[in-house]
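Taking it in order: structure first as structure tokens, then the write-up.
Predicted model, so just to flag it, every value in this text is computed and none were measured.
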Amino acid sequence: MASTTQFLISLPPKPPYLLSYSSPSKPRSINITCCLSIQQARNDQTTSSGSNALNGLRVAFAAGGTGGHIYPAVAIADELKLVNPTSEILFLGRPNSMESTAIPSAHFEFKSIPAFKLVRPFFSLRNLLLPYFLIKSITKCFTLLSKFEPHLVVGTGGYVSFPVCLAALLKGIKVVIQEQNSVPGIANRFLSLFADLVFVAFNSTVQSFPRKEKCVVCGNPVRLSLKNSVSKAVSRLHFFPWLEKMEGSSEEIKVILVLGGSLGANAVNIALLNVYSQLLLEHENWFIIWQTGVESFNEMESLVRSHPRLLLAPS
């Protein structure tokens, strides 16, 4: 019989604010009851008291580099604000980066920190200044966390999260990790040793972490904006407005969405570049929405012939 896991972010009368969690003996048989997505129930006194306990909750997020790290953090922050609008959220990331644009657009406070990317191989000359930049970044994070005084720090991976979570650990702040990928990166793998909990999307990911008893399999967070139900017909007209004048049934139309991640995937772009024309020629009811990635958009746009049933988008 599968064991049941329950956890709750709660605020006791005095700090430190603890994250209570009962660890299962077998991570793979976890049954998640609540996973940083606290569902509000109407006319429920228990939920009401839980909501009151969240009054004044302050959570800092360390997210950046790619959309895969940024948007899961935004989804968690959205859910926390939905549960209790008085919750305070702070995002830390690099200046002049994807997160510096995406986070303010999601209406959350953003503070920039210096972050240095580890170059591979590890013994590269470009990593000689890594200790200096890491200390500089941790010092900046320590200062920002001291001013914000979060009850919890959530790291969603990437080298940006590394100094933030280290500074939080030095301050004695609770740290949790959220891993979106099937195989964790260096930052999350190391930070998992000291984090209170590690939230993962796949059962197989548990095996990648040295301390498996900390892992909670809960899937990936989904932003509130993506949960809004929109009909296929409306969606098609949004991307291909001329379909409104087309004769015949729109039910026969097939839309293919090609995603390569926020930065794009070169292998996906090249593969589609070789077959898109033939696909559209052979299937007159097929439409393609091709997300190339920001860095590859101009190149792909110059190589692809314009077609009414093909839409290229950077992200």
Side-chain angles (χ1 to χ4, degrees), residues 36 58-81 88-120 126-127 129-130 132-145 147-148 150 152-170 173 175-181 183-192 194-195 198-201 220-223 225 259-265 291 293-295 314-315:
L36 274 186
R58 293 186 298 277
V59 181
F61 287 86
T66 67
H69 296 309
I70 298 168
Y71 292 113
V74 171
I76 298 171
D78 279 341
E79 199 71 33
L80 288 173
K81 292 293 286 186
E88 296 180 44
I89 306 295
L90 174 66
F91 278 81
L92 301 178
R94 299 171 304 153
N96 305 316
S97 61
M98 181 181 293
E99 59 266 27
S100 67
T101 302
I103 300 305
S105 298
H107 309 293
F108 291 113
E109 184 180 2
F110 176 82
K111 296 289 185 182
S112 62
I113 60 168
F116 188 78
K117 187 176 183 179
L118 178 67
V119 179
R120 298 183 185 183
R126 295 169 62 185
N127 288 328
L129 294 177
L130 178 62
Y132 167 75
F133 284 109
L134 184 58
I135 293 173
K136 181 180 179 181
S137 184
I138 292 175
T139 303
K140 177 67 173 180
C141 295
F142 197 93
T143 301
L144 291 173
L145 292 176
K147 293 180 179 180
F148 185 63
L152 182 73
V153 170
V154 179
T156 57
Y159 63 93
V160 174
S161 68
F162 192 74
V164 180
C165 291
L166 280 183
L169 291 168
L170 291 174
I173 301 171
V175 173
V176 298
I177 300 300
Q178 195 275 327
E179 176 58 58
Q180 317 84 36
N181 303 305
V183 179
I186 296 176
N188 272 0
R189 198 186 297 265
F190 177 82
L191 292 170
S192 69
F194 311 100
V198 180
F199 299 102
V200 298
N220 274 323
V222 178
R223 282 171 287 160
S225 59
L259 299 173
S262 59
L263 299 182
Q291 187 246 336
V294 176
E295 296 179 356
S315 60

- Side-chain contact, heavy-atom cut-off 4.5 Å: Val175 with Cys165? yes
- Task: Measure the spacing between CZ of Phe133 and CD1 of Ile138 and express it to the nearest 0.5 Å.
- Result: 14.0 Å
- Contact summary for Phe148 and Ala60, nearest pair of heavy atoms: CE2-N, 4.2 Å
- Message: Testing the basics here: between Glu99 and Pro104, what is the closest heavy-atom pair and its distance to 0.1 Å?
- Response: O-CD, 3.7 Å
- Query: Rounded to the nearest 0.5 Å, how far does CZ of Phe142 lie from CD1 of Ile135?
  - Reply: 14.0 Å
- Message: Looking at every heavy atom in both Ala73 and Ala63, which two are closest together, and how far apart are they?
- Response: CB-CB, 3.8 Å
- Message: Please determine whether side-chain contact (heavy atoms from CB on, under 4.5 Å) holds for the pair Val59 and Val154, giving the CA-CA distance in whole Å, both sets of side-chain angles, and the decisive distance to 0.1 Å.
- Response: CA-CA 7 Å; Val59 181; Val154 179; 3.9 Å; yes
- Side-chain heavy atoms of Leu90 within contact of Phe61, under 4.5 Å: no
- So, for Gly158 and Ala187, which heavy atoms are closest and what is the spacing to 0.1 Å? O-CB, 3.5 Å
- Task: Apply side-chain contact (heavy atoms from CB on, under 4.5 Å) to Phe116 and Ser137, showing your working.
- Result: CA-CA 8 Å; Phe116 188 78; Ser137 184; over 6 Å; no
- Would you say Pro163 and Cys141 make side-chain contact, with heavy atoms under 4.5 Å? yes
- Arg189 and Val183: CA distance, side-chain angles, deciding distance, side-chain contact (heavy atoms from CB on, under 4.5 Å) verdict: CA-CA 9 Å; Arg189 198 186 297 265; Val183 179; 3.9 Å; yes
- Look at the aromatic rings of Phe108 and Phe91 and report parallel, tilted or perpendicular, splitting at 30° and 60°. tilted
- Query: Do Glu179 side-chain atoms and Gly157 backbone N/O form a donor-acceptor pair below 3.5 Å?
  - Reply: no
- Taking all heavy atoms of Gln180 and all of Pro72, pick out the closest pair and write down the distance. CG-CG, 3.5 Å
- Note on the structure: Taken to the nearest 0.5 Å, the spacing of Leu191 CG from Ile177 CD1 works out to 4.5 Å
- Are more than 12 heavy atoms from other residues, nucleotides or ligands located less than 6.0 Å from atom NZ of Lys81? yes
- Message: Quick check against the 3.5 Å criterion: does His69 have a side-chain atom that pairs as donor or acceptor with the backbone of Thr156?
- Response: yes
- Task: List the steps, then state whether side-chain contact (heavy atoms from CB on, under 4.5 Å) holds for Leu80 with Ile89.
- Result: CA-CA 9 Å; Leu80 288 173; Ile89 306 295; 4.3 Å; yes
- Message: Which heavy atom of Pro221 sits nearest to which heavy atom of Ile76, and what is that distance?
- Response: CG-CG1, 3.8 Å
- Look at the side chain of Arg94 and the backbone N and O of Ala115, then say whether any donor-acceptor pair between them is shorter than 3.5 Å. no
- Task: Measure the spacing between CG of Leu134 and CG of Leu166 and express it to the nearest 0.5 Å.
- Result: 6.5 Å
- Could you state the interatomic distance from CD (Gln291) to CG (Leu259), rounded to the nearest 0.5 Å? 5.5 Å
- Item | Main-chain N/O of Thr139 paired to Thr143 side chain as donor or acceptor, under 3.5 Å | yes
- Query: Hey, are Asn220 and Gln178 close enough side-chain-wise for a donor-acceptor pair under 3.5 Å?
  - Reply: yes
- Query: How many angstroms lie between CG in Leu145 and NZ in Lys111, if you round to the nearest 0.5 Å?
  - Reply: 12.5 Å
- Taking the six-membered ring for Trp, are Phe162 and Phe190 parallel (under 30°), tilted (30 to 60°) or perpendicular (over 60°)? tilted
